Amino acid sequence: MAVHNREIADKFDRLADLLEIEDANPFRVRAYRNAARTVRGYPRSMSDLLEDGIDLTELPDIGDDLAKKIQTLVETGRLPLLEEVEERTPPALSELMKIEGLGPKRVRALFLELNIKTLDDLKEAAESGKIHEVAGFGDKSEEKIKERVEKFSGEAPRTMLIDAEEIAKPLLEYLQKAEGIKDVMIAGSYRRRKETVGDLDILITAKQGAEIMDHFTNYEEVEEVVSKGKTRSTVHLRSGMQVDLRVVPQVSYGAAQHYFTGSKAHNIAVRKLGIKRGYKINEYGVFEGDKRIAGETEKSVYDKVGLPYIPPELRENRGELEAARKGKLPKLITLEDIRGNLHAHTKASDGHNTLKEMAEAAAKLGYEYLAITEHSKSLAVASGLDKKQLLAHFEQIEKLNEQLDDIVLLKSSEVDILEDGSLDYPDDVLKELDFTVCAVHQKFDLSRKKQTERILRAMDNPYFNILAHPSGRLINKRDPYETDLEKILEAAKERDCFVELNAQPQRLDLTDEGCIMAKELGVKISIATDAHSTSNLEHMRFGIDQARRGWLEAKDVINCLPLKKLLKLFDR
DNA sequence: GCCGTTTTCGGCCCGACTGTTTTCAGTCG
């Protein structure tokens with residue numbers, strides 16, 4: 001069973017936590033955290049890299065030592081140093097650090113003074129009033145710990161982007177009403193359009209902060225004010241979302257945007273470039289000595305480190321700085337580049353609208369074409385169509401096409417890939433389709449090898465065109481099924497097949513890393529909404545967000561093509 | 001523990017807020 005990058009990264013993070021509690025060299029601690037971030041975000045798995053004989057020290061923040069540790073982890077699943085550290089420092093202490101306000105120093109103090117090793121120990125100590133006796137803790141600290149350990153429910157879940165938008169919208173409207181506000185923007189991973197966000201980072205320009213902070217903390221959805229100052233405040237909303245608000249002067253707006261948009265890794269890399277040129281870069285600007293030499297716009301910040309503007313979606317320190325330096329930043333795809341949608345359902349299977357309604361809605365979005373892709377017969381839960389029903393449905397599509405002026409409906413189907421890798425319709429039916437969208441909908445628990453082989457076998461069918469939602473994951477709900485994505489993409493390239501980036505906000509499948517890998521391997525992508533209603537068609541923008549994070553350009557995406565050229569691609 | 005277009009040694013991003021302090025450490029982002 002291959003070790004996931006995520007498992008390796010989690011182990012490094014845990015090791016970093018425990019070492020930090022042991023008061024180890026902070027830079028060594030940081031090295032483990034940096035390595036964890038590199039491994040977690042890397043598009044290919046460490047085990048695949050090792051299998052291909054790639055030297056891991058070529059990865060950023062991985063040196064000789066960590067390369068060896070990764071190799072051991074891949075081979076044995078173990079990290080001996082972590083086990084050694086856990087012998088002397090109770091592993092659950094890293095859990096305690098997840099309580100807001102408890103960092104390594106205070107966790108260590110509680111462990112040494114009161115022998116607190118677990119969350120239960122902490123709860124008991126807080127309730128019996130022992131904590132305020134420890135040096136550095138007072139009554140307030142004890143009270144807060146008591147409250148927070150009570151409410152603590154593990155890792156704070158990340159919110160899907162679409163849900164974050166719903167939370168952000170009324171808050172932004174409310175904030176606009178404050179006196180003296182000029183600009184308002186949401187920075188952070190929200191602006192980088194990450195598929196999920198941990199909190200909202202809101203940035204405001206204004207001369208005075210104090211009244212704005214009062215206005216902010218008085219928002220009716222605020223449940224708890226965590227901290228409140230003149231330039232920065234943090235609250236928790238009733239939804240559970242944390243919101244950080246920062247107020248900066250207008251001259252610092254660009255520097256602040258850059259700083260609070262992140263990612264952290266990108267910022268650090270940019271600041272290092274600044275240091276090389278003798279500049280200090282912070283949220284207030286670019287400084288040469290005490291003199292601010294840039295910072296009113298983001299562009300001015302990049303200017304000073306000799307780079308062109310880098311779009312937020314690329315700011316993950318995944319090679320964008322090098323690409324910018326060489327003038328090789330991608331010309332990222334935009335919503336306007338999209339000419340059609342290649343995955344949609346109607347009432348005929350499990351959609352909510354009629355053919356006509358879907359066609360009109362798609363035409364209204366300015367599309368040239370919309371593919372109708374009802375489920376195939378094996379997917380009974382989604383009212384999959386049998387051969388007869390499908391062909392009858394196609395007749396309706398043809399009839400409707402005769403009436404439609406500004407859009408063409410394509411005859412397709414979301415064809416199930418059965419367990420043995422065969423497709424859910426015989427070839428004499430498949431040949432009636434303009435193209436196929438093929439997908440795994442059952443038997444998610446096959447081994448990685450079997451699942452991969454199943455998909456490769458399906459691609460061997462000459463009528464296979466697009467692999468839909470390639471991992472099957474549902475964000476925060478269902479893990480992806482196990483596959484070797486690289487093998488699948490290589491096979492797709494060989495067989496002239498395509499891979500879908502499913503734009504449903506809960507799917508966003510391919511991931512951004514998957515897009516990067518597909519682009520490197522030369523596999524073209526279909527960004528499609530898998531719409532089950534007319535309003536779902538507008539989810540295309542989430543697919544575009546994800547595609548931009550995945551470095552995709554219009555030329556990498558097949559539904560940026562006019563219809564004639566598109567249809568040619570489906571002739572294998 | 002990583003890294004190098006001044007360095008293979010000696011650096012490593014930096015500012016705001018809180019609570020417990022009497023001048024600042026710890027935490028957070």
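No experiment lies behind these values; they were computed from the predicted model shown.
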Have a look at dT6(B) and give me syn or anti from its glycosidic angle (syn if within 90° of zero). anti
So if I take every side-chain heavy atom of Ser227(A) and compare against dC17(B), dG15(B), dG1(B), which nucleotide ends up nearest? dC17(B)
Can you pull the ring-ring contact (aromatic ring centres under 6.0 Å, His included) pairs that have at least one residue in residues 202-254 of chain A, sequence neighbours excluded? Tyr174(A)-His215(A), Tyr174(A)-Tyr219(A)
Side-chain N,O (Lys230(A)) to OP1/OP2 (dC17(B)) below 4.0 Å: no
Ignoring hydrogens and angles, answer whether the base of dG15(B) and the side-chain atoms of Tyr259(A) contain a donor-acceptor pair closer than 3.5 Å. no
Same-atom distance (P) from dC28(B) to dT20(B), integer angstrom: 15 Å
In whole angstroms, the gap separating C1' of dG10(B) from NZ of Lys272(A) amounts to 14 Å
Please measure how far the P atom in dC12(B) lies from the corresponding atom in dT18(B), and state the result in whole Å. 29 Å
Separation of dG29(B) P from Leu102(A) CG (nearest whole Å): 13 Å
Report yes if the side chains of Arg192(A) and Glu316(A) come closer than 4.5 Å at any heavy-atom pair, otherwise no. yes
Whole-Å C1' distance, dT5(B) and dG1(B): 24 Å
Got a salt bridge between Arg33(A) and Glu20(A), using NZ or NE/NH1/NH2 to carboxylate O under 4.0 Å? yes
Looking at every heavy atom in both His469(A) and Asn502(A), which two are closest together, and how far apart are they? CD2-ND2, 3.5 Å
C1'-based separation of dT8(B) from dC3(B) [nearest Å]: 9 Å
Could Glu173(A) and Lys169(A) be called an ion pair, given the rule that one side-chain N must be under 4.0 Å from one carboxylate O? no
If you compare every side-chain N and O of Arg232(A) against the phosphate oxygens of dA16(B) (OP1, OP2), does one of them come in below 4.0 Å? no
So, is Thr231(A) near the phosphate of dC17(B), with a side-chain N or O under 4.0 Å from OP1 or OP2? yes
Taking the P atom in each of dC2(B) and dT6(B), what is the distance between them to the nearest angstrom? 23 Å
Measure CG/Leu273(A) against P/dC14(B) and give the value in whole Å, please. 13 Å
By nearest heavy atom, map Asn25(A) and Met213(A) onto DNA chain B; which one lands nearer the 5' end? Asn25(A)
Under the salt bridge (Lys or Arg N to Asp or Glu O under 4.0 Å) rule, collect the residues that match up with Arg315(A), sequence neighbours excluded. Glu298(A)
Is Gln242(A) near enough to dC28(B) that one of its side-chain N or O atoms lies under 4.0 angstrom from OP1 or OP2? no
Sequence neighbours excluded, the answer for salt bridge (Lys or Arg N to Asp or Glu O under 4.0 Å) partners of Lys519(A) is Glu553(A), Asp556(A)
Per-nucleotide protein contact string for nucleotides 19-26 of chain B, where B marks a base within reach and S marks sugar-phosphate only (heavy atoms under 4.0 Å, - for neither): SS-----S
Just to confirm, is there a sub-4.0 Å distance from OP1 or OP2 of dG15(B) to any side-chain nitrogen or oxygen of Asn282(A)? yes
Would you indicate which nucleotide in dC12(B), dT18(B), dG15(B) comes nearest to any side-chain atom of Phe27(A)? dC12(B)
Whole-Å distance, Leu15(A) CG to dG1(B) P, equals 9 Å
Quick one: label Asn34(A) by what it contacts on the DNA or RNA (base, sugar-phosphate, nothing), any heavy atom closer than 4.0 Å. nothing
Pairs where residues 40-67 of chain A contributes a residue and the test ring-ring contact (aromatic ring centres under 6.0 Å, His included) is met, not counting sequence neighbours: none
Polar pairs (N or O, both sides) under 3.5 Å between protein and nucleotides 2-8 of chain B?
| unit_1 | atom_1 | unit_2 | atom_2 | d |
| --- | --- | --- | --- | --- |
| dC2(B) | OP1 | Gly63(A) | N | 2.8 |
| dC2(B) | OP1 | Gly63(A) | O | 3.4 |
| dC2(B) | OP1 | Leu66(A) | N | 3.0 |
| dC3(B) | OP1 | Asp61(A) | N | 2.7 |

Roughly how many Å apart are dG10(B) and dG15(B), using the C1' atom of each and rounding to a whole number? 25 Å
In whole angstrom, give the distance that lies between atom CZ of Arg246(A) and atom P of dG29(B). 9 Å
How many whole angstroms separate atom CD1 of Ile21(A) from atom C1' of dT27(B)? 14 Å
What's the gap between dT27(B) and dT21(B) when it is taken at their P atoms, as a whole Å value? 15 Å
Do NZ/NE/NH1/NH2 and the carboxylate oxygens of Asp13(A) and Arg40(A) come within less than 4.0 Å? yes
Under 3.5 Å for both donor-acceptor distances, Watson-Crick or wobble: does dT8(B) have a partner, and if so which one? none
Salt bridge between Arg88(A) and Glu22(A), side-chain N to carboxylate O under 4.0 Å? yes
Nearest-angstrom distance from the residue atom CZ of Arg148(A) to P of dT27(B): 13 Å
Where does the angle between the aromatic ring planes of Tyr309(A) and Tyr302(A) fall among parallel (under 30°), tilted (30 to 60°) and perpendicular (over 60°)? perpendicular
Whole angstroms only, please: what is the CD1-C1' distance between Ile268(A) and dC12(B)? 10 Å
